[in-house]
Asker: 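Please find one structure pasted underneath; my questions will follow.
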Amino acid sequence: MPVTSVFPRLEALLPRVQKPVQYVGGEVNAVTKDWDAAAVRWALLYPDAYEVGAPNQGMQILYEVLNEADGVLAERAYAVWPDLEALMREHGVPQFTVDGHRPVGEFDLLGVSFSTELGYTNLLTCLDLAGIPLHAKDRDVTHPVVLAGGHAAFNPEPIADFIDAAVLGDGEEAVLLVTALVRDWKAAGRPGGRTGLLDALARTGSVYVPARYDVRYLPDGRIAAVTPTAADIPSRVAKHTLVDLDAWPYPRAPLVPLAETVHERMSVEIFRGCTRGCRFCQAGMITRPVRERSMATVAQIVDNGLRRTGYEEVGLLSLSSADHSEIGELARGLADRYEGTETALSLPSTRVDAFNVDLAGELSRGGRRSGLTFAPEGGSERIRQVINKMVTEEDLIRTVTAAYGAGWRQVKLYFMCGLPTETDADVLQIAELAQRVIEAGRQAAGTRDIRCTVSIGGFVPKPHTPFQWAAQLGHEQTDARLAALRDAIRSDRRYGRAIGFRYHDGRPGIVEGLLSRGDRRVGRVIENAWRAGGRFDGWSEHFSFDRWMTAAAQAFADEPVDVDWYTVRERGRDEVLPWDHLDAGLDKQWLWEDWQAAVAGGEVGDCRWTPCYDCGVCDTMGTQIEVGPSGRPLLPLSVRPAGVGLADAQPR
């Protein structure tokens with residue numbers, strides 16, 4: 001059956017909505033392929049607004065990887081803003097992709113990338129608008145397979161009712177594996193129907209199909225066991241790990257959004273994974289081990305991307321970019337190459353103990369300085385030991401001194417509130433730290449025109465981390481500590497005016513905590529909240545704490561659990577956690593011992609540079625740390641002669 005674009009019907013609605021440009025597609029480097037020539041068709045959904053989802057690296061990489069494959073078509077979709085949602089319902093326009101404006105319900109697969117659990121309600125909006133039954137059990141062979149991925153899919157149990165499958169870890173090879181299975185299944189005449197396909201996915205052991213696992217509960221609400229429904233379904237599902245990042249030099253053709261987005265730059269991932277061992281950091285734990293890209297590959301991606309996009313800023317991405325073993329040489333080489341071209345370099349994520357004067361100099365050589373953000377995370381030395389953020393106050397002062405001395409006039413410092421064992425005094429030390437930063441900055445820069453912004457958020461314990469057993473701080477206590485900190489900063493007559501203070505109240509963190517460590521019973525809460533109007537819960541203007549609490553009270557009315565049970569309760573060592581059957585490679589005993597070490601204030605080093613701490617990842621996943629030196633140089637230094645445009649320049 002031919003699949004036609006919904007754009008003629010959509011176009012008539014666009015003058016009546018905010019930011020209509022976000023729905024029209026046609027970006028530089030966007031792809032639209034022949035529908036009928038494709039054997040497998042993917043719709044890739046980022047469950048947030050276009051301005052957040054369009055720059056997402058994961059989405060852009062999978063979009064390219066799939067569209068480069070023979071006989072495969074991939075198009076993008078984003079959550080539609082409530083004003084357009086209302087009009088689409090009124091006029092019967094289904095959820096669409098922005099590339100071909102094809103109905104999402106017509107694709108073979110709907111891949112959803114979750115960066116945060118607060119996007120779960122937007123998934124339900126998309127399914128409903130697409131005409132796809134909300135519950136996986138109600139779908140048949142005519143509906144797309146709904147597949148979740150991204151960091152928030154490492155515990156997909158709260159959305160188990162709504163998805164058909166989930167993939168843990170790196171997506172590049174995983175999407176091709178799933179594509180091959182779907183292509184073979186379709187070519188064979190869809191044996192076993194939808195059930196046959198889901199069984200084939202589940203049997204791989206690397207695609208999690210929730211319906212193929214039963215969950216039993218104890219009378220007190222804890223989980224008794226999670227077991228596969230058939231003997232040929234593996235008891236645990238493993239994450240995917242890409243070993244050689246140089247073999248996947250994506251994105252080759254970055255998309256250039258038409259509408260304003262949260263990041264107006266070209267991004268290049270210089271390494272994946274982190275072994276610093278910060279105990280709060282789910283991203284660091286689930287992306288182990290470290291795998292660096294060589295300087296030559298990074299330079300080639302940068303060169304190619306600039307030619308194909310026209311961007312004037314390059315962000316070198318990773319969980320802590322200054323930790324790349326050749327970051328100094330890499331930054332110097334890129335600064336040399338693009339000097340005089342108005343191309344700026346930035347490290348969006350930088351540890352305070354890995355930033356130095358030389359690096360500051362290279363990043364500022366292009367003449368434009370992007371913002372500098374450092375994340376001490378904890379206000380006191382003691383709490384930084386608890387979270388294994390091995391950064392001292394002197395590290396921070398030395399780093400900001402280097403930045404202010406190199407010409408920056410403002411830095412942003414990120415902290416968390418509510419960390420395990422934290423006291424009021426730990427949080428109040430953030431004010432003292434900010435004061436020292438301003439003082440050091442004024443001395444280094446020789447001016448009083450120095451600012452420091454303190455941004456602070458509530459800590460949410462995450463699955464697959466040593467803090468997965470920890471009690472979350474209640475929102476009232478979080479708010480009280482943040483209010484005391486705000487007062488301490490504002491009452492400082494000498495430095496207070498130079499210190500900005502941004503914080504979120506503790507209530508969204510409680511909902512995030514419920515969704516992060518929830519089990520399948522939390523799915524009813526999500527559905528209740530969505531039916532009551534929940535949309536864009538990551539946006540403060542749309543978030544309603546009362547709506548979520550009402551939804552939870554209704555969902556848990558006949559259960560021995562409540563919101564506090566999922567959030568502010570500390571778990572015991574032997575408790576079966578909802579994600580225990582999902583293998584991120586981390587040994588649970590190692591995580592427990594690290595949790596005990598945290599309470600005792602013990603620290604663990606970075607296994608890149610110290611002996612193995614036996615976390616289990618490399619042994620379990622058959623991987624190893626991949627770091628430089630690569631011994632391979634950057635591209636030739638000269639990018640263009642004077643007066644020649646960047647697009648016309650040729651390397652020597």
Asker: So Arg507 and Ser544, do their side chains get closer than 4.5 Å, heavy atoms only?
Answerer: no
Asker: Taking the side chain as C-beta and beyond, is there a heavy-atom pair between Tyr404 and Val437 under 4.5 Å?
Answerer: yes
Asker: If I compare all heavy atoms of Ile327 with all of Ala322, which pair ends up nearest, and what's the gap?
Answerer: CG2-O, 3.3 Å
Asker: Could you point out which residue of Lys19, His542, Arg535 forms a side chain to side chain contact (heavy atoms under 4.5 Å, CB included) with Trp81?
Answerer: His542
Asker: For a side chain to side chain contact (heavy atoms under 4.5 Å, CB included) check, start with the C-alpha distance between Ile270 and Ser321, then their side-chain angles and the critical distance, and finish with the verdict.
Answerer: CA-CA 7 Å; Ile270 61 173; Ser321 295; 3.9 Å; yes
Asker: May I ask you to decide if Asp449's main-chain N or O and Arg442's side chain share a donor-acceptor pair within less than 3.5 Å?
Answerer: no
Asker: Quick check on side-chain hydrogen bond (donor to acceptor under 3.5 Å, both in side chains): which of Gln472, Lys462, Gln468 does Ser516 satisfy it with?
Answerer: Lys462
Asker: Salt bridge or not for Arg384 and Glu381, using N-O below 4.0 Å?
Answerer: yes
Asker: Check whether Gln60 reaches the backbone of Leu255 with its side chain - one donor and one acceptor, N or O, closer than 3.5 Å.
Answerer: yes
Asker: Does Trp548 reach the side chain of Ile526, with side-chain heavy atoms less than 4.5 Å apart?
Answerer: yes
Asker: Hey, are Asp426 and Thr423 close enough side-chain-wise for a donor-acceptor pair under 3.5 Å?
Answerer: yes
Asker: With no hydrogens and no angle check, do the side chains of Thr116 and Glu512 hold a donor and an acceptor under 3.5 Å apart?
Answerer: no
Asker: Go through the steps for Phe114 and Tyr120 under the test ring-ring contact (aromatic ring centres under 6.0 Å, His included), then give the verdict.
Answerer: CA-CA 8 Å; Phe114 288 105; Tyr120 290 161; 5.1 Å; yes
Asker: What verdict does the side chain to side chain contact (heavy atoms under 4.5 Å, CB included) test give for Asp606 and Met390, after you've listed the backbone C-alpha separation in whole Å, the side-chain angles of each residue and the deciding distance to 0.1 Å?
Answerer: CA-CA 10 Å; Asp606 185 340; Met390 291 190 289; 6.0 Å; no
Asker: Identify the two heavy atoms, one from Thr567 and one from Gly513, that lie closest to each other, and give their separation to 0.1 Å.
Answerer: CG2-C, 4.0 Å
Asker: Under 3.5 Å, is there a donor on one side chain and an acceptor on the other for Thr421 and Arg382?
Answerer: yes
Asker: Just to verify, what does Asp424 make a side chain to side chain contact (heavy atoms under 4.5 Å, CB included) with, not counting sequence neighbours?
Answerer: Arg481
Asker: List the atom of Ile450, the atom of Ala445, and the distance in Å for their closest heavy-atom pair.
Answerer: CD1-CB, 3.8 Å
Asker: Quick check against the 3.5 Å criterion: does Arg571 have a side-chain atom that pairs as donor or acceptor with the backbone of Arg569?
Answerer: yes
Asker: Applying side chain to side chain contact (heavy atoms under 4.5 Å, CB included) to Phe374 and Tyr414, what does each step give before you reach the verdict?
Answerer: CA-CA 6 Å; Phe374 301 106; Tyr414 181 77; over 6 Å; no
Asker: Closer than 3.5 angstrom, by distance alone: can the side chain of Asp594 be matched with the main-chain N or O of Arg279 as a donor-acceptor pair?
Answerer: no
Asker: Is there a side-chain contact between Val511 and Leu515 in this structure, where contact means two heavy atoms from C-beta onward sitting under 4.5 Å apart?
Answerer: yes
Asker: With sequence neighbours excluded, what pairs up with Asp395 under the side chain to side chain contact (heavy atoms under 4.5 Å, CB included) test?
Answerer: Val352, Asp353, Val391, Thr392, Arg398
Asker: Atom CG of Asn56 and atom OH of Tyr46: how far apart are they, to the nearest 0.5 Å?
Answerer: 5.0 Å
Asker: Please say whether more than 12 non-hydrogen atoms of neighbouring residues, nucleotides or ligands are located less than 6.0 Å from CZ in Arg502.
Answerer: no
Asker: For the side chain of Gln95 and the backbone of Tyr78, is there at least one donor-acceptor N/O pair under 3.5 Å apart?
Answerer: yes
Asker: Could you check whether any side-chain heavy atom of Pro508 comes within less than 4.5 Å of a side-chain heavy atom of Phe545, counting everything from C-beta outward?
Answerer: no
Asker: Should the pair Glu432-Arg436 be classified as a salt bridge under the 4.0 Å nitrogen-to-oxygen rule?
Answerer: no
Asker: Is Arg76 paired with Glu27 through a side-chain N to carboxylate O contact shorter than 4.0 Å?
Answerer: yes
Asker: With a 4.5 Å limit on heavy-atom distance, are the side chains of Phe556 and Val525 in contact?
Answerer: yes
Asker: Are Arg517 and Pro578 close enough that some pair of their side-chain heavy atoms sits under 4.5 Å apart?
Answerer: no
Asker: Check Gly506 against Asp479 and note the closest heavy-atom contact, atom names and distance.
Answerer: N-OD1, 2.7 Å
Asker: For the side chain of Asn388 and the backbone of Val604, is there at least one donor-acceptor N/O pair under 3.5 Å apart?
Answerer: yes
Asker: Quick check: does any side chain N or O of Arg451 sit under 3.5 Å from a backbone N or O of Arg497, one acting as donor and the other as acceptor?
Answerer: yes
Asker: I would like to know whether Glu527 and Phe162 meet side chain to side chain contact (heavy atoms under 4.5 Å, CB included); could you show each step before the answer?
Answerer: CA-CA 9 Å; Glu527 184 170 345; Phe162 314 122; 3.7 Å; yes
Asker: Can any side-chain N or O of Asn155 pair as donor or acceptor with the backbone N or O of Gly518 at less than 3.5 Å?
Answerer: yes
Asker: Without swapping roles, check the side chain of Lys389 against the backbone of Glu377 for a donor-acceptor pair under 3.5 Å.
Answerer: no
Asker: Indicate yes or no: at least one non-hydrogen side-chain atom of Gln435 is less than 4.5 angstrom from one of Ile499.
Answerer: yes
Asker: Considering all heavy atoms of both residues, which atom of Pro420 and which atom of Val386 are nearest to each other, and what is their separation?
Answerer: O-CG1, 3.6 Å
Asker: Within the side chain of His464, is there an N or O that forms a donor-acceptor pair under 3.5 Å with the backbone of Phe154?
Answerer: yes
Asker: So which heavy atom on Ile510 is nearest to which on Gly474, and how close?
Answerer: CD1-CA, 4.3 Å
